[in-house]
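Here the structure comes first, spelled out in structure tokens, and everything after it is commentary.
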Amino acid sequence: MAPPGVLMVAEKPSIASSIASVLSRGKMSTRKGSTEVHEFDGTFLGFPAYYKVTSVIGHVFSVDFPEKYQNWSATDPLDLFQAPVRKAESNPKAHIRRHLSQEARGCTHLVLWLDCDREGENICFEVIECSGFHINDGKRRIHRARFSSVTEKDISKAMDSLVEPNKDEALAVDARQEIDLKVGVAFTRFQTGYFQGKYGNLDSRVISYGPCQTPTLGFCVQRYLQITTFKPEKYWALHPYIVMDGYELLLDWERHRLFDFDVAAMFQKLVLQDGVLLVTGISEEQETKGRPQGLNTVNLLKVSSSALGFGPHHAMQLAERLYTQGFISYPRTESTAFPSSFDFRSTLGELAKVPIWAEYVHNLLSGGYQKPKSGTDVGDHPPITPMRAASEDLIGNDAWRLYQYICQHFLGTVSPDCKFVRTKIQFSSGGESFHCVGKHVRVEGFTAIMPWLAVSEKNLPRFARGEKIAMSKVELFEGKTAPPDYLSESELISLMEKHGIGTDASIPVHINNICERNYVQVQSGRKLVPTPLGITLIRGYQCIDPDLCLPDIRSFIEQQIMLVAKGQADHSRIVLHVLQQFKQKFAYFVKQIDNMDALFEAQFSPLADSGRALSKCGKCLRYMKYIASQPSRLYCGTCEEVYYVPQKGTIKLYKELTCPLDNFELLIFSMAGPEGKSFPLCPYCYNNPPFEGIDTLFGTGTKAAGAASGGKLGKGAGMPCFLCPHPTCRHSVISQGVCACPECSGTLVLDPVSAPKWRLYCNMCNCMVLLPQGAHRISTTSERCSDCESKIIEVDFNKNSTPLEGGATLHRGCILCDELLHSLVEVKHGKSFFKRSGGARGRGGSWRRGGRGRGGAGKKVDPKMSFSEF
DNA sequence: GCAAGGTC
């Protein structure tokens with residue numbers, strides 16, 4: 001009988017690989033799957049066993065509303081609070097569920113090696129669900145490995161003390177997911193709909209709200225308000241100078257500064273009358289500036305922003321790459337303490353291979369390096385450390401600068417503390433006290449490798465207690481208090497960490513979000529300056545319900561779900577309770593929205609005053625206004641209707657033609673770039689597709705949208721004319737479609753404004769076909785090819801370049817079956833547009849004529865005609 | 001078109 005199978009699952013592929021190599025002592029075989037599977041023989045619970053170690057890639061599932069709640073206009077956001085929620089695979093293409101279910105087959109033990117935090121505990125249960133194991137199943141057992149680092153010692157220890165997964169912690173995460181979803185989506189949909197329907201220049205496609213992102217924005221706006229409401233005040237300070245050993249020394253006043261001129265002037269007079277300074281005290285103290293603790297993510301992000309000029313998002317991308325290339329350890333960690341088993345010597349040995357630190361490392365190794373300071377160990381991952389020697393050539397400039405910092409920080413942690421002597425001399429004159437401070441470094445310590453943290457040397461002349469020194473002058477310095485600067489990104493990260501907003505992995509995402517939503521802008525020195533939109537939003541929350549933008553909103557949720565995690569409260573009761581409170585807040589917010597709107601009115605222009613006239617409304621026959629700022633749309637002031645148009649391109653009136661269905665004037669939309677295709681659309685049909693069964697709408701995130709645009713086109717359930725099956729309109733796909741796309745199930749449509757570089761493009765994918773260039777006119781006809789059913793096109797060649805005999809210019813034919821036309825067309829497709837036909841234009845072996853095509857050939861009304869046997 | 005949390 002085969003030994004029992006033991007399936008082990010980690011949170012990410014790298015951990016699975018480490019665990020497998022430890023347990024198999026490097027003797028495993030690895031095969032590819034959705035994620036890698038490492039297999040080996042061993043013993044489990046004292047019996048021979050066959051091991052399979054694999055991983056998920058973070059959460060397997062994410063939570064969302066069912067389909068019927070997805071329509072923004074048909075759902076009242078208030079209903080979302082009671083709506084059911086569904087879990088669906090976060091990344092369906094990765095097929096993690098299938099992978100786990102397949103690998104679990106035949107296994108009698110499941111060992112969960114997910115990260116030892118709340119999220120990891122939640123993923124445990126996702127894995128259990130996918131694998132078909134059940135808690136309390138006597139035959140197929142579930143085990144949880146608790147480990148604090150991926151080292152041989154910790155892995156073996158975890159194997160010897162397997163426990164059960166903690167359902168309460170997992171339920172706490174379920175609770176958070178549901179609360180975040182419902183609160184975030186309800187507020188976001190409501191305020192987006194409300195303000196976007198009223199103002200034309202908000203410049204954000206979506207006006208989002210979230211229990212992390214909004215307090216994050218709140219911090220930036222709070223600082224902005226401190227600056228704008230700041231009232232500078234004059235102050236005065238005494239600045240006595242002495243000249244010693246040939247240079248001038250300024251002394252500090254014990255009172256620092258005073259805000260009353262008369263009083264300050266009086267003190268100046270007293271000191272002037274005295275005229276000399278008496279040395280009243282000399283103190284010398286040995287001071288220590290401690291070496292840093294291990295580097296965690298948040299500190300790396302702060303340094304990246306303030307010293308390297310990298311935004312958190314960019315810094316994490318760089319770190320991620322350094323990690324996957326094996327140059328640094330796992331970059332997402334909260335811990336600053338090293339595990340006791342950490343091998344400092346081998347890390348130092350690796351760093352000795354980097355020429356710029358070779359000498360420093362050798363000195364450390366020979367002189368005895370220090371044990372790092374204790375720090376905090378959250379039990380997730382060790383601090384971020386270098387793993388392998390790198391060079392600038394190997395990893396590129398930005399990554400190198402980050403890597404350098406990580407190395408310097410690591411060397412700092414194992415270097416001696418910096419020691420210096422601080423000398424303070426105290427003086428008195430006219431009853432007032434003054435002092436000056438000198439610093440002398442005795443041991444450079446870690447500051448040698450982190451020179452920006454060095455203590456600056458300040459030498460003082462020698463003084464003797466009781467000595468009287470003449471003043472060279474006593475200034476009455478006049479200053480003005482100054483407002484603080486805008487919040488720096490690094491300060492924001494500190495505030496977020498302090499208030500528990502986001503996690504090491506999500507802090508960069510929240511900062512990125514408030515930038516992308518146009519709530520703040522990053523200015524030079526990585527200062528965060530809120531935009532009018534960001535300021536107005538926060539001021540709005542402040543006047544309706546300040547809780548909505550305070551950091552406490554996150555801690556409230558956190559504290560509630562903690563009760564679930566600790567088993568002190570029931571999951572569904574907590575969710576119900578928290579959502580009830582937020583629902584009340586939401587209802588109040590909706591009721592009071594006028595107060596926020598008053599602020600918007602003062603800052604933004606109404607839709608009716610925005611934009612330029614473009615296209616006549618088919619209902620009232622008056623011109624609508626085109627609002628170019630995102631999301632671009634048309635607004636009919638008479639009907640008070642908004643019509644969204646495709647985003648990120650240019651839009652123009654299309655020859656004053658109108659849609660036969662609704663009388664709206666047609667527009668022509670051109671996508672950006674030299675190869676960007678152009679197509680007509682009716683504003684009404686684009687927003688309200690008139691035909692049922694149009695399942696591949698454009699600009700909705702569906703197949704046609706993604707592929708055809710090569711990117712997101714934004715809002716509006718789009719049906720441009722190239723998807724319209726109207727049987728007689730000359731712009732529909734029935735009239736303009738030529739033949740089936742060779743690449744997908746779409747149709748190649750004539751681009752009506754592509755002259756003189758005439759072309760067809762696919763209405764579903766990126767495929768494009770170049771037609772005879774330089775022709776005066778190319779149009780479709782109502783005839784079809786008798787061989788392949790493609791639409792016959794008519795070409796009016798240029799007189800000077802016509803390929804026709806006798807200088808004739810007019811030619812009709814099928815682009816596939818007509819020899820002349822066929823030789824003049826060329827397929828380009830995808831973003832790379834590589835040529836499919838061999839070499840020169842024409843006669844590519846891949847285009848064959850005749851025969852029956854696939855996809856809809858023969859169906860007379862189906863516009864997808866054959867591109868036979870392509 | 002929406003949140004926040006994993007990870008790629």
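Letters go in sequence order (proteins before strands), and every chain restarts at 1.
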Inset, instruction - May I ask you to decide whether A:R146 forms a salt bridge with A:E121, counting only side-chain N to carboxylate O separations under 4.0 Å? - result: yes
Nearest-nucleotide pick for [X], side chain only, options being [options]:
X: A:Q213; options: B:dG5, B:dC8, B:dA4; value: B:dA4
X: A:I57; options: B:dC2, B:dT7, B:dG5; value: B:dT7
X: A:Y330; options: B:dT7, B:dG5, B:dA3; value: B:dT7
X: A:E11; options: B:dG5, B:dT7, B:dC8; value: B:dT7
X: A:R332; options: B:dG5, B:dC8, B:dC2; value: B:dC8
X: A:C212; options: B:dC2, B:dC8, B:dG5; value: B:dG5
X: A:H59; options: B:dG1, B:dT7, B:dG5; value: B:dG5

Legend entry - Nearest-nucleotide comparison on DNA chain B, the residue closer to the 5′ end among A:E320 and A:N71: A:N71
Determine the contact category for [X]: base if any of its heavy atoms lies under 4.0 Å from a base atom, sugar-phosphate if only primed atoms, P, OP1 or OP2 are that close, otherwise nothing.
X: A:G120; value: nothing
X: A:N122; value: nothing
X: A:R554; value: sugar-phosphate

Legend entry - Nearest-0.5 Å distance, CD of residue A:E126 to CG of residue A:L100: 10.0 Å
Inset, instruction - Report yes if a side-chain nitrogen or oxygen of A:R517 is closer than 4.0 Å to either non-bridging phosphate oxygen (OP1 or OP2) of B:dC2; otherwise report no. - result: yes
Inset, instruction - Using the aromatic ring of A:W72 (for Trp, its six-membered ring), decide whether it stacks on the base of B:dG1 within the limits of 5.5 Å and 30°. - result: yes
Inset, instruction - Could you verify whether a donor N or O on one side chain and an acceptor N or O on the other, from A:Y519 and A:S208, lie under 3.5 Å apart? - result: yes
Inset, instruction - Kindly indicate whether the side chain of A:Q70 and the base of B:dC2 share any N or O donor-acceptor pair separated by less than 3.5 Å? - result: yes
Legend entry - Proximity of A:F604 and A:F195 rings by center, below 6.0 Å: no
